[in-house]
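Within every chain, numbering begins at 1; the chains are lettered A, B, ... in the order of the sequence lines, protein sequences first and strands thereafter.
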Amino acid sequence: MVEHVKRTRISKVLESAKTDANVCVKGWVRSFRNDRFIALNDGSCLSNIQAVVDREKMPEGLLDKVTVGAALSVVGQIVESQGAGQKVEILVEKLEVLGIANTDDVKKTIISPKRHSIETLREQAHLRFRTNTFGAVFRVRHTLAYAIHQYFNKKGFYYLHTPIITGSDAEGAGEMFKVTNFDLKNIPHNEEGEIDFGQDFFGKETNLTVSGQLEAELGAMALGNVYTFGPTFRAENSNTSRHLSEFWMVEPEVAFNDLQDNMELGEDFLRYLIQYCLDNRQEDIQFLHDREVKEESQKPKNERNEMSLMDRLQFVAANEFIRLSYTDAINVLQNSKPYKKKKFKFPVEWGTDLQSEHERYLVEKEYKKPVIIFDYPASFKAFYMRQNDDGKTVAAMDVLFPGIGEIIGGSQREERLDILTKKCKDFNIPEEHVWWYLDTRKFGTAPHAGFGLGFERLVMFVTGMTNIKDVIPFPRYPKNAEF
RNA sequence: GCUUCUUUAGCUCAGCUGGUUAGAGCACCUGACUGUUAAUCAGGGGGUCCUUGGUUCGAGCCCAAGAAGGAGCGCCA
């Protein structure tokens, strides 16, 4: 009869806290104290459930197999706990070891119940889901992904799947990974000695996408409001805590939106997502908050965050972002203390791109809140960004977050065929590569705008993790594609 | 790609001015205890001091090259 009890997720058992019910829970042993108390976790929530066993009533030798990391199935009564650490616990009537965890092997892994550095956990990415920190991070990651779909669905956007393999290389967004099924030891060449892509799988040179934007624009010019949410690939040799070779990007694109609408969308979107996590992932965020507080207390005072994780999230959800034109940003920087004291390494003058030290100053020192910078000089922005009436700037925008840097980059798109064609020439983009993109400017062209949100950078902000490699399950970066 | 820091037990780290047998905490094992909260107490096992070469009577420590990792910068989301 006990055998037929259906499994309940631990989060449900803890939430309902209904005593005297007979339940079955299954999970992995986090600790086994005093030969009597098993802390069991099944990933449904951060908390463990305490399973209490009576050694006398258990079959000989069974409890020897209950070691940290083992998978168990447990059936018993939910009762009020006599201990202080939890409201309810399970008095075990039946215990089955589904999978043992050999202690000699476990002690070599991060499953062993002790403190590990974040780098050691990264080396064992296949096991780090078992830790409180990464359990919390990946539950938050899921919740953000869910909230993104929910937000767009509520606002009438359609989820558009843009291609991952693309023949378009005109975006100028960065180095691309090549896609081919050539035998690499025997690549066919034509008479001029060039690689003959005509013989390749797609009959042309193809790459992994660096952005779904150009294709999303095509969708927006008929469906109105669309968004993409998919993997993106950059073959840049970037060695920083906020770049990956494979990452996930969210790209909304809206017909008839101008730059103002675009900034409003970006801000409303981010604030909604953060509020959604505060409302729905309270326990995990509280844990990540406490974890950060502990870690910060080890650091010298001047290196600590001025606001705690919880404060930062609540602050961003509740307060409007600063909006500042590029020209105004240059003025603010030129009047700043570090500029006057010559503390900036890079020059601050109209026409040069803002460096991270400048962005960090504006976001972390001057305003201490997210900043949207718009109307950048055309000289260092992409060909598709809409030229402003001054002839010098384009309707671009970057949303900058404290500790993260650029979290969103976007623009109003150039909808005027003559200007866009000229831009293609200026950027050396052959029209035959983007004929389909230019076509939308011929048949009922209309103003439209969109942006790209770096999903992992958002997860970093919400979890307080400081390295992007720790907010994606299996990070890909130069010299690393393990797992 | 550039700058900089790090590499000592399974993990986190200490190791003095270059000097005999390289230490601690945690984890693991054995035993005790049996309402614990990363349980506690007693005992035990565990080392290619990142690699290669050099200096020296003698190198974990000094020098050179390389490797791996972190942080920052550039590129960007």
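Ring pair A:Phe152/A:Phe229: centre-to-centre distance not below 6.0 Å. Between A:His149 and A:Tyr227, the gap from one ring centroid to the other is short of 6.0 Å. Proximity of the aromatic rings of A:Phe138 and A:Phe129 is defined here by a centroid distance below 6.0 angstrom, and this criterion is met.
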Dot-bracket encoding of pairs in RNA chain B, which uses [ ] for pseudoknotted crossings and | for another strand, Watson-Crick or G-U under 3.5 angstrom: (((((((..((((.....[...)))).(((((.......))))).....(((((..]....))))))))))))....
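In this structure, A:Gln82 reaches the bases: a heavy-atom distance under 4.0 Å links it to at least one base atom across the strands shown. A:Ile404 comes within 4.0 angstrom of no nucleic acid atom, judged by non-hydrogen atoms across all strands. Base contact: A:Ala84 has a heavy atom under 4.0 Å from a base atom. Contacts of A:Thr240 with the nucleic acid, taken as non-hydrogen atoms under 4.0 Å apart, include base atoms. Using a 4.0 Å heavy-atom cutoff across all strands shown, A:Glu357 reaches no nucleic acid atom at all. Contacts of A:Ser356 with the nucleic acid, taken as non-hydrogen atoms under 4.0 Å apart, involve only primed sugar atoms and P, OP1 or OP2. A:Glu89 comes within 4.0 angstrom of a base, heavy atoms only. At the heavy-atom level, A:Arg122 lies under 4.0 Å from the strands shown only through sugar-phosphate atoms. At the heavy-atom level, A:Gly83 lies under 4.0 Å from base atoms of the strands shown.
Distance, A:Asn48 CG to B:rA39 C1': 15 Å, rounded to whole Å. Separating the CD1 atom of A:Ile408 from the C1' atom of B:rA77 is a distance of 10 Å, rounded to the nearest angstrom. Taking atom NZ on A:Lys345 and atom C1' on B:rG72, their separation rounds to 7 Å, with Å as the unit.
Distances shown here put a side-chain N or O of A:Gln355 below 4.0 Å from the OP1 or OP2 atom of B:rG74.
Classification of the A:Phe177-A:Phe233 ring pair by plane angle, with boundaries at 30° and 60°, yields perpendicular.
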Under 4.0 Å protein heavy-atom contact, by nucleotide of nucleotides 25-30 of chain B - B base, S sugar-phosphate only: -BSSS-
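The main-chain N or O of A:Val348 is found under 3.5 Å from a side-chain atom of A:Gln334 such that the two form a donor-acceptor pair.
Lacking a ring centre under 5.5 Å from that of the base six-membered ring together with a plane angle below 30°, A:Phe37 does not count as stacked on B:rA39.
At a cut-off of 3.5 Å, with distance as the only test, a side-chain donor of A:Glu366 or A:Tyr361 sits close to an acceptor on the other residue.
Proximity of residues 131-146 of chain A to RNA chain B (heavy atom under 4.0 angstrom from any strand atom) is not detected for any residue.
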Criterion ring-ring contact (aromatic ring centres under 6.0 Å, His included) on A:Tyr151 and A:Tyr272, from CA distance to verdict: CA-CA 8 Å; A:Tyr151 177 88; A:Tyr272 174 89; 5.1 Å; yes
